[in-house]
*Asks:* 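Supplied in C-alpha cells, the structure appears directly below.
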Amino acid sequence: MPTTQKLSPEIHPLLRERWSTRLFDPGQEITEAELDRLLEAARWAPSAGNSQPWAFLVLKRGDEAHQKFVTTLSRGNSGWVPTAGVVLVSLHRVGDDEDPSLTFSDYAAYDLGQAVAHLTVQAESMGLHVHQFAGFDHDAVAAAFGVPASWAVTTGIAIGHYGSPEQVAAADPGLREREQKPRERKPVEEFVFGGKFGKPRQV
Ligand SMILES: Cc1cc2nc3c(=O)[nH]c(=O)nc-3n(C[C@H](O)[C@H](O)[C@H](O)COP(=O)(O)O)c2cc1C
C-alpha cells in the first residue's frame, strides 16, 4: 500500500486513501449487486445539459468477452488487469447515429471522466479497488464489441478486491515495488492561479 505525499489540508479519507492498485485478488468476484451500485453512482454524475454521454461495457473475469478483451491489453497492463474481477470499458459519445455530421457535446469526455470519478469513490466506500487504464488497443475493442462510430472507446476500468497478504507477498517483485511507490502530486501552486494564468494566487 503506497503512502500519499501530502496529507494537509485534510481531505476525505475516501479520496486520500484511494490508489490504483495492480494487486487484485484473482479469486474474488464482483457481485451483480456491487456492480449495480457502482454503475448507479456513475449514473448520478452531473453532465452538460444532463446529456449523460457515457456508456460502459461490462466484462466479468471468466466470461468470453473478458477473454477477448484481455488480448488487446498493452504489455504493461497484461500482467495485472486480468486479475481484477471486472473490467468496464468506458465510452463517450462523439456523434449522432442518425446524422453522422452532428458532433455531440464538446464536454462528453469531461462528463465521462466525472461519471467514472463517482464510480471510483463509490467503489472505495465499498472496500473495492479501481485502476483505470488506457493501455489497450482501442480500435480492436471497438471492432470486437460492435461499438458504433458515434461512440469513442475511452478507458478500461479494472475493479476488484485487494490481494490477500499472502498474494501480495507472492507477487512479482517488480509489481510489488511499483505498488509501494509513494503517491505524489504537483503542488497546488503549479495549477491554481489568480487573476492571470500562470500567476500564483495571492492569499
Ligand atoms: C485516463 C487514464 C489512463 C491510465 N492509463 C494507465 C495504464 O495504461 N496503465 C496503468 O498502469 N495505469 C494507468 N492509469 C493510472 C494512473 O497511472 C494513476 O492513476 C496515476 O499514476 C496516479 O496514481 P494513483 O491513482 O494511485 O493515485 C491511468 C489513469 C487514467 C485516469
Side-chain angles (χ1 to χ4, degrees), residues 1-26 38-39 41-42 45 47 53-57 59 61 66 69-94 106-142 144 147 151-163 167-168 171-188 190-191:
M1 183 179 307
T3 52
T4 299
Q5 185 194 30
K6 191 180 173 191
L7 293 176
S8 175
E10 198 49 69
I11 60 172
H12 197 285
L14 291 178
L15 300 172
R16 190 186 64 228
E17 284 158 23
R18 181 206 63 80
W19 86 98
S20 299
T21 188
R22 294 180 178 86
L23 294 176
F24 290 103
D25 181 341
L38 296 171
L39 293 166
S47 60
W54 47 67
F56 299 94
L57 302 172
L59 314 172
R61 193 185 50 221
H66 182 270
F69 176 77
V70 300
T71 66
T72 72
L73 288 167
S74 66
R75 200 148 59 92
N77 291 336
S78 61
W80 60 269
V81 172
T83 60
V86 169
V87 172
L88 304 180
V89 175
S90 78
L91 308 102
H92 71 278
R93 196 161 185 174
V94 291
D106 285 344
Y107 298 97
Y110 181 98
D111 293 341
L112 169 63
Q114 194 150 209
V116 177
H118 270 215
L119 179 152
T120 300
V121 176
Q122 177 67 35
E124 186 72 24
S125 79
M126 293 160 60
L128 299 173
H129 287 259
V130 172
H131 192 147
Q132 301 171 56
F133 58 93
F136 64 95
D137 185 337
H138 293 218
D139 292 340
V141 168
V147 176
W151 288 86
V153 171
T154 312
T155 57
I157 305 165
I159 308 171
H161 294 263
Y162 193 57
Q167 284 164 345
V168 172
D172 174 84
L175 212 60
R176 237 183 17 239
E177 195 187 316
R178 273 169 96 183
E179 185 81 0
Q180 281 158 3
K181 270 192 175 164
R183 293 177 66 233
E184 295 184 340
R185 291 297 189 266
K186 295 176 187 173
V188 166
E190 277 191 30
F191 63 90

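Side chains are part of it too, since the values below use all heavy atoms of this structure and drop only hydrogens, waters and symmetry mates. Throughout, residue positions are numbered sequentially from 1 according to the sequence presented. Atoms within each ligand, like the ligands themselves, are counted from 1 in listed order.
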*Asks:* Give the minimum heavy-atom separation between A45 and W54, together with the two atoms involved.
*Replies:*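 For A45 and W54, the tightest heavy-atom pair comes out as O-CH2, 3.5 Å.
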*Asks:* Can you label the angle between the H138 ring and the F136 ring as parallel, tilted or perpendicular, going by 30° and 60°?
*Replies:*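 H138 and F136: parallel rings.
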*Asks:* Are L88 and L39 side-chain neighbours, meaning at least one heavy-atom pair lies under 4.5 Å?
*Replies:*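 Yes, at least one pair of side-chain atoms sits under 4.5 Å.
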*Asks:* Between Q167 and L23, is there a side-chain heavy-atom distance shorter than 4.5 Å?
*Replies:*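 They are not in contact (no side-chain heavy atoms under 4.5 Å apart), so the answer is no.
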*Asks:* Using residues 153-163 as the side-chain source, report each donor-acceptor pair under 3.5 Å to any protein atom, sequence neighbours left out, with the distance given to one decimal.
*Replies:*
{"from": "T154", "atom 1": "OG1", "to": "H92", "atom 2": "ND1", "distance (Å)": "2.8"}
{"from": "T154", "atom 1": "OG1", "to": "A152", "atom 2": "O", "distance (Å)": "2.9"}
{"from": "T155", "atom 1": "OG1", "to": "S90", "atom 2": "OG", "distance (Å)": "2.6"}
{"from": "H161", "atom 1": "NE2", "to": "E29", "atom 2": "O", "distance (Å)": "3.3"}

*Asks:* Give the protein residues with at least one non-hydrogen atom closer than 4.0 Å to an atom of ligand 1, ordered by chain and number.
*Replies:*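 Ligand 1 pocket, heavy atoms under 4.0 Å: R18, W19, S20, R22, N77, W80, H131, Q132, F133, A134, G135, T155, R183, R185.
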*Asks:* Are T21 and E179 close enough that a side-chain donor and a side-chain acceptor fall under 3.5 Å?
*Replies:*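 Distance-only check passes for T21 and E179.
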